[in-house]
Novice: 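Can you read through this structure? Questions will come right after.
The first residue of the sequence shown is numbered 1, and numbering continues consecutively from there. Not measured: the values here are computed from a predicted model.
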Amino acid sequence: MNKQQIFALSPIMLAIGVHAQTAELTTEKVQDTDETNIEVIRIVESRVQRISSGATGLGLDSFDTPQSLSIIEKDTIANYNLSDVNSLFKNVTGINIDQTETDRTYFNARGFDITSMHVDGSGIPFGDIFVGDLDTAIYEKIEFIRGSNGLITGLGNPSGTVNYVRKRPSNDPQASVAVTLGRWSNMRAVVDVSTPLTESGSWAARAVVVHQDKDSWLDLYENSRTVVYGVVDGQLNDDLTLTFGYTYQDNNSNGVTWGGIPLIYSDGTQTDFSVSTTTAMDWTYWDTLNETAFAELSWFITDDINFTTKLNYTNYEDDSQLFYSYSNTGLDSETGLGLLGYPGNFTAEDEILIWDNTLQGTFQAWGLEHSFNLGVSLADSETLDFDSGALSGFDVMPSFPGWTGTEVANPDWADPYKAGYTDVTLNRFYGSIQLAVTENFDLILGASFVDYENEGESWGASTSTTEDGSSPYIGFTWEAMDDLNIYASYSDIYQPQYYLNEDLEPLGSAEGRGYELGLKKRFDNNLLVSLALFRTEQENLYEFIEYGDGDGVDDDDYSDDFDYSLYRGVTVDSNGFELEVSGQVSEEWSMQGGLTVLTLDDENGDEARTFIPRKTFKLLADYAPKWNENLNAGVSVRWQSEMYYETGYGRITQDSYGLIGGYVQYCFNDQLSLSLNLDNITDEKYLSSVRTDQAFYGSPTDYSLTLRYNF
């Protein structure tokens, strides 16, 4: 089976270490020209006022952004113990995840896979599967920009973009240690230290170190990861600031699944196993290593104009020995027979180099202030994939379930050979401008021009493509009355696809468009309520057909089944609405969450992508009682409607279900606190995905205790 380990299928996009967004450029002029005072204000203000460039590349807050935008802050991440991105994504309005395997995950929004994962506003928009657990301890916040993303990525689709904002040095010394003990031998420790390096605070450093070991509710599965992150920023002179840093994440999983348990019998009835059931063998593993180095130079040309240049280098290594179970005849409901084995041994090496240059600023015209953003991004990615063929292990498997992981011994492997490679060059030229037409009406215009070239091969078939094009963006915000914004936006984008069609040729680009119309109401207590109506479109979107070797002949042995994954292009339209609430509801309660309702139809008007729930509801509600200021608590609610997947044996269905979790935290003093976290309190049984005819069961009731000390 083609594991398809080109660079787009790894968490590289998630691990690109780049500097935080350009500082807000509205800093008041310093009247005192004392050199030391200027030094302190320039860099200290920069640290305090970092804000997202959001969906437009402009420094707009959520209220003024003409798209749906959700932000999960570091306090929320810590309170709900959202230590990896999978657990975090599950709690975000409009975001769904498909965990089809233990170590590979799809993310989607508005019916389409999220392919754009940025760090501090920079990244390459490729990939729809992400490998391993990405730790959240190094992030200040994570932003979810739903809707078309052509302006900020150049390529992509109408789902949206995730932007990870890294932690930066603080202006004052601070340090914390957090130790977590949880179910399934979960042990986790996080150390976070930040300190100024000079008396004035013009130079400062921060380091975060994480180590975690955990088992799982799944038989055999265990994971360990180590994260080391360091960053230094400071001021070279009155107008120049420099940042550089390094990120290391080592993620190791044992007892992993490649695919999952079968979800349907050959007689059309759906399987129902214990939540711990797995098809893994005890020798399987999947290890990943991400290393990132980054540097940024920022030049304050004037108090209103800033130029930033960023250089980011990422090296990623992937090593795995896997075992896949499949069937040519289906799983027999009475005997449990019918499964066959297929082992795989893969390694991959990826390197990415990105050079971003942006000019941002504000200017006065017609008595009003306007802002602009201009940029050039040059990126190169090189990937090598190696395969070591198994010399044994293609066994007829015993009755399922009941496997112990010893049914197939670790195979003898042939020498590795180069199974595929990619060399991608992506050059972007982009710009956006916010024009204040009146004091209450802003017009946002932008465009991104892209030159894309991919030279590549996958298991003997060429994936080489060349693309160039542009993506326009237009939007507006109208403050019809105080703190009530009416907004609309449009963008179109395209996504080159490396997938192969039945003729073993690249499928070609998917093209998409996104429309959004909405209201945003801001209240005095910083509560933001938004309602968005959206329509998103995709043409020539990849859809899996079958495994094969491209000759159209169904061979008797296993070789024909897994030479290639073959796809076709389909048209899918998504229509729906989102209602979201974020902020302080009362003196004691704050909330973040929302409802998403959508439809997905193909060109014939039939339901498409039925593995995506049509309705989802997410809520994080925090309670800080006035009667005891040392006590904090929160509740999390996740609900989704039915979803299903059609197979040759019948329909696989996951009924609607809801999960309830939460936390209780007690602060003994300003430094020491103890937290109890719970998830899936009602012990709901549910499938992690119905994207294919294989998956595994989601986590039953989980719990953990965290002791945190702040210095």
Side-chain angles (χ1 to χ4, degrees), residues 1 98-102 104 106 216-221 255-281 284 322-344 393-408 543-548 554-558 560-562 565-566 606-607 609-613 640-657 683-700:
M1 181 178 181
D98 283 313
Q99 291 181 276
T100 56
E101 302 164 318
T102 54
R104 289 202 292 193
Y106 297 84
S216 170
W217 66 95
L218 295 175
D219 292 337
L220 303 178
Y221 186 73
V256 301
T257 67
W258 187 20
I261 60 175
L263 301 182
I264 193 167
Y265 289 112
S266 58
D267 62 8
T269 58
Q270 193 161 325
T271 61
D272 185 13
F273 305 126
S274 166
V275 295
S276 62
T277 306
T278 181
T279 56
M281 295 294 111
T284 58
L322 308 174
F323 182 77
Y324 182 71
S325 293
Y326 71 103
S327 177
N328 289 330
T329 59
L331 181 65
D332 188 273
S333 60
E334 294 185 1
T335 65
L337 299 175
L339 295 180
L340 306 173
Y342 188 98
F394 302 100
D395 298 350
V396 175
M397 302 301 294
S399 178
F400 185 86
W403 297 357
T404 63
T406 59
E407 286 72 20
V408 176
E543 181 180 79
F544 175 75
I545 305 173
E546 62 182 357
Y547 299 113
D554 187 13
D555 301 330
D556 293 332
D557 63 8
Y558 69 86
D560 182 64
D561 295 326
F562 304 119
S565 299
L566 305 179
D606 298 324
E607 279 197 313
R609 298 173 72 81
T610 57
F611 56 85
I612 294 174
Q640 66 178 54
S641 61
E642 177 188 274
M643 53 187 182
Y644 64 92
Y645 177 75
E646 297 287 358
T647 76
Y649 302 112
R651 175 178 293 188
I652 299 168
T653 301
Q654 170 59 64
D655 294 333
S656 61
Y657 67 91
D683 205 26
E684 182 78 16
K685 185 178 181 180
Y686 63 98
L687 292 169
S688 61
S689 172
V690 292
R691 192 181 183 107
T692 70
D693 61 358
Q694 297 183 356
F696 59 91
Y697 291 104
S699 171

Novice: Could you grab the distance from atom OG1 of T692 to atom CZ of F611, nearest 0.5 Å is fine?
Specialist: 10.0 Å
Novice: Which distance, rounded to the nearest 0.5 Å, do you find between the OG1 of T102 and the CZ of R104?
Specialist: 10.0 Å
Novice: Are any side-chain N or O atoms of T284 and backbone N or O atoms of V256, one a donor and one an acceptor, separated by less than 3.5 Å?
Specialist: yes
Novice: Shortest non-hydrogen contact from D267 to S333?
Specialist: OD2-OG, 2.9 Å
Novice: Mind listing the closest non-hydrogen atom pair of D693 and Y645 along with its distance?
Specialist: N-CE2, 3.7 Å
Novice: State, to 0.1 Å, how close S327 and G338 come at their nearest heavy-atom pair, and which atoms those are.
Specialist: OG-O, 2.8 Å
Novice: Taking the side chain as every heavy atom from C-beta outward, state whether Y644 and Q654 have any pair of such atoms under 4.5 Å apart.
Specialist: no
Novice: Once rounded to the nearest 0.5 Å, what's the spacing between atom CD1 of I612 and atom OG of S689?
Specialist: 9.5 Å
Novice: Would you call L339 and W403 a side-chain contact if the rule is heavy atoms closer than 4.5 Å?
Specialist: yes
Novice: Can you find a pair of side-chain heavy atoms, one from L218 and one from S276, that are under 4.5 Å apart?
Specialist: no
Novice: What closest approach, in Å, do T329 and S266 show between heavy atoms, and which atom pair accounts for it?
Specialist: O-CB, 3.7 Å
Novice: Under 3.5 Å, is there a donor-acceptor pair between the side chain of Y649 and the main chain of G330?
Specialist: yes
Novice: To the nearest 0.5 Å, what is the distance between CD on E407 and CZ on F323?
Specialist: 8.5 Å
Novice: Would you check if R609 and R691 make a side-chain contact, meaning some heavy-atom pair closer than 4.5 Å?
Specialist: yes
Novice: Rounded to the nearest 0.5 Å, what separation is found between the CD atom of Q694 and the CG atom of L263?
Specialist: 7.5 Å
Novice: Considering all heavy atoms of both residues, which atom of M397 and which atom of L337 are nearest to each other, and what is their separation?
Specialist: O-CD2, 4.1 Å
Novice: Are E334 and Y265 close enough that some pair of their side-chain heavy atoms sits under 4.5 Å apart?
Specialist: no
Novice: Do Q270 and L687 pass the side-chain contact (heavy atoms from CB on, under 4.5 Å) test, and can you show the C-alpha distance, the side-chain angles, and the key distance before you say yes or no?
Specialist: CA-CA 12 Å; Q270 193 161 325; L687 292 169; 4.0 Å; yes
Novice: For a 4.5 angstrom cut-off between non-hydrogen side-chain atoms, does Y697 reach I261?
Specialist: yes
Novice: Atom OG1 in T269, atom CD1 in I264: separation rounded to 0.5 Å?
Specialist: 7.0 Å
Novice: For residues T278 and Y221, determine if any side-chain heavy atom of one lies less than 4.5 Å from a side-chain heavy atom of the other.
Specialist: no
Novice: Can you find a pair of side-chain heavy atoms, one from P262 and one from Y326, that are under 4.5 Å apart?
Specialist: no
Novice: Has the side chain of S399 got a donor or acceptor atom that lies under 3.5 Å from a matching backbone atom of T335?
Specialist: yes
Novice: Looking at every non-hydrogen atom in both residues, tell me the closest pair between S688 and Q99 and how far apart they are.
Specialist: OG-O, 2.7 Å
